[in-house]
Engineer: 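Below is a structure I'd like to ask you about.
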2 protein chains.
Amino acid sequence: MTEATPPRPQTRIQRRNTEAILEAALEVFSAQGFRGATLDQIAQAAGLSKPNLLYYFPSKEAIHVALLEGLMDIWLAPLRAMDPAGEPKAEIMGYMRRKLEMSREMPRESRLFANEVLQGAPRFIEGIEGDLKTLVDDKAAVIGAWAAAGKIAPVDPYHLIFSIWALTQHYADFDVQVRAVLGPGRAPFAEAERFLETLFERLLAP
Amino acid sequence: MTEATPPRPQTRIQRRNTEAILEAALEVFSAQGFRGATLDQIAQAAGLSKPNLLYYFPSKEAIHVALLEGLMDIWLAPLRAMDPAGEPKAEIMGYMRRKLEMSREMPRESRLFANEVLQGAPRFIEGIEGDLKTLVDDKAAVIGAWAAAGKIAPVDPYHLIFSIWALTQHYADFDVQVRAVLGPGRAPFAEAERFLETLFERLLAP
DNA sequence: CCTACCGATCGGTAGG
DNA sequence: CCTACCGATCGGTAGG
């Protein structure tokens, strides 16, 4: 866990291979989970030999940690963009919409984090207790102030954030189940957007 | 996949061992996922040797399939109990409460299904397309009729059911993250109950 | 950056 | 000749 990032300085080839490895790792880890994934699968998807893979990252765990850390900023961007100076309900609705958009556009990333947290976040707990908790505490205070000022309904800010996570990530993480239950000819994400807009409009109305 | 259940008739010892295996498999599969779990872990948790384990079930996959099938009825009971003749809002709120209670009392079962669906439900897709879809179609029709009659707000019944799944299972599946973000001295499930009661009251009000 | 490997552990099965 | 097992090991594959 000490050396999660590849050696520097990097040549163009090294940068390209590092990118290919992380892309391949995202594909494989998100579909199989950490233990289910193999270095051979990742190496093949990246178009590298396994020994070459292990030249760039010292271990399977190092790839996984680098992947999670590299995605953390992107993953938290929608919440980070919630503006304390903005119009309260519009800011929360905007956050929900960005998060749902993320589930649609980045389902592999969603499943990667889901797999990790579901199994107790053994390689990620410091990220949750660090960046994530700090950001959520910050934004929960903002939402709490909006509620106290009567701009939105008086709801628990933490559970409001949890509800946005749960409702939007569900469509990425349980995509197979959602599509199987809805049957063919439906558009889960478009339907979800309308449903969630109604849900949060009604929940937040002061 | 032909012989997922142990031989019959069973002695008392056989019934006890079969129960111990399924309990151990729930513990291990829910925490590690299918590929992450090993027969050795399951055997040890069940207090049996691995060869004895494989006397009762022919393979790792057979244990997993038997476990999912055996839990299906319990898992669907809360939705099944929703009464078409009952008071609409009370029936939906009751379903939500039973589902949240299930997340609190049976988090391992929740994580078992979550692990499976998250990875594309390779050993479970027929259960989703069969029993689950049939039941959801049935109950969605009931909810749709309630909405059409103006007893509840006009919401998409399928996405209403998805929202109950997402919001209640989140507290079991992402328990580690919820607790890490909330910090010590909080009661996630008690808080969730109050929050979700508010949320669905507001969503469903005609 | 490849060929050739290792200690260990995987799911599953042998004889008794 | 059945049941309910055990100690030891199978062929292959894991991470490294």
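Chain A is the first sequence line, chain B the second, and so forth, proteins listed ahead of strands; every chain is numbered from 1. Values below: every heavy atom of this structure, side chains too, minus hydrogens, waters and symmetry copies. This is a predicted model, so every value here is computed, not measured.
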Engineer: Decide, yes or no, whether a salt bridge links A/R80 with A/D73 under the criterion of side-chain N to carboxylate O below 4.0 Å.
Structural biologist: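 Salt bridge between A/R80 and A/D73, a charged N being under 4.0 Å from a carboxylate O: yes.
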Engineer: Does this structure show an ion pair linking B/R108 with B/E23, if we count only N-O contacts that are shorter than 4.0 Å?
Structural biologist: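 Result for this pair is yes, salt bridge flagged.
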Engineer: Among D/dC6, C/dG11, D/dC5, which is the nearest nucleotide to the side chain of B/N17?
Structural biologist: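 Per side-chain heavy atoms of B/N17, the pick is D/dC5.
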Engineer: Select base, sugar-phosphate, or nothing to describe what A/A37 touches, counting heavy atoms under 4.0 Å on all strands.
Structural biologist: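 Sugar-phosphate, no base atom in range.
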Engineer: If we only count heavy atoms from C-beta on, is the A/N115 to B/Q119 side-chain gap below 4.5 Å?
Structural biologist: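 Answer yes - side chains close enough.
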Engineer: Could you state the NZ-C1' distance from B/K60 to C/dC10, rounded to the nearest angstrom?
Structural biologist: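 Taking NZ of B/K60 and C1' of C/dC10, I get 8 Å after rounding.
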Engineer: Rounding to a whole Å, what distance do you find between B/F29:CZ and C/dG11:C1'?
Structural biologist: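 The distance from CZ of B/F29 to C1' of C/dG11 comes to 11 Å, rounded to the nearest Å.
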Engineer: Over how many whole Å does the gap from A/I63 atom CD1 to D/dG15 atom P extend?
Structural biologist: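 For the pair A/I63 CD1 and D/dG15 P, the rounded distance is 10 Å.
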Engineer: OP1 or OP2 of C/dG11 sitting under 4.0 Å from any side-chain N/O of B/S59?
Structural biologist: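 Checking B/S59 against C/dG11: no side-chain N or O falls below 4.0 Å of OP1 or OP2.
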Engineer: In whole angstrom, give the distance that lies between atom CZ of A/R35 and atom P of D/dT13.
Structural biologist: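 These atoms are roughly 17 Å apart.
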Engineer: What nucleotide among C/dC10, C/dC1, C/dG11 has an atom nearest to a side-chain atom of A/N52?
Structural biologist: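 Per side-chain heavy atoms of A/N52, the pick is C/dC1.
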Engineer: Please report the distance, rounded to the nearest Å, between CG in A/D40 and P in D/dG15.
Structural biologist: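 Distance check: A/D40 CG to D/dG15 P gives 7 Å.
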Engineer: OP1 or OP2 of C/dC1 less than 4.0 angstrom from a side-chain nitrogen or oxygen of A/S49, does that happen here?
Structural biologist: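 Indeed not, no polar side-chain atom of A/S49 lies that close.
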Engineer: How close or far is atom P of C/dT3 from atom OH of A/Y55, stated in whole angstroms?
Structural biologist: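 Taking OH of A/Y55 and P of C/dT3, I get 18 Å after rounding.
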Engineer: Around atom CD of B/Q41, are there more than 12 heavy atoms of other residues, nucleotides or ligands at under 6.0 Å?
Structural biologist: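 Atom CD in B/Q41 is crowded, with more than 12 foreign heavy atoms closer than 6.0 Å.
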Engineer: Please report, rounded to the nearest Å, how far the P atom of C/dT9 is from the CD atom of B/Q44.
Structural biologist: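 Nearest whole value for this atom pair: 13 Å.
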Engineer: Please pick, from C/dG12, D/dG15, D/dC6, the nucleotide with the shortest atom-to-atom distance to any side-chain atom of A/L39.
Structural biologist: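 Side chain of A/L39 sits closest to D/dG15.
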Engineer: Between P on D/dT9 and NZ on B/K50, what's the gap in Å once rounded to a whole number?
Structural biologist: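 Distance, rounded to whole Å: 14 Å.
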Engineer: Identify which nucleotide among C/dC1, C/dT13, D/dC5 has an atom closest to any side-chain atom of A/Y56, counting heavy atoms from C-beta outward.
Structural biologist: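 For A/Y56, the side-chain atoms sit closest to C/dC1.
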Engineer: Tell me which nucleotide among D/dC5, C/dG12, D/dC6 gets nearest to the side chain of B/I13.
Structural biologist: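 So the nucleotide nearest the side chain must be D/dC5.
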Engineer: Which of these nucleotides, D/dC5, D/dG16, C/dC2, is closest to any side-chain atom of A/L54?
Structural biologist: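 Closest of the options to the side chain of A/L54: D/dG16.
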Engineer: Check every atom of D/dG16, C/dT3, D/dA8 against the side chain of B/P51 and return the nucleotide holding the closest atom.
Structural biologist: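 The answer is D/dA8, which lies nearest to the side chain.
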Engineer: Using the P atom on both, measure C/dA4 against D/dG16 and round to a whole Å.
Structural biologist: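 My reading of the P atoms in C/dA4 and D/dG16 gives 22 Å.
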Engineer: For the residue pair A/D137 / A/Y158, report whether a side-chain donor-acceptor contact shorter than 3.5 Å exists.
Structural biologist: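 Yes.
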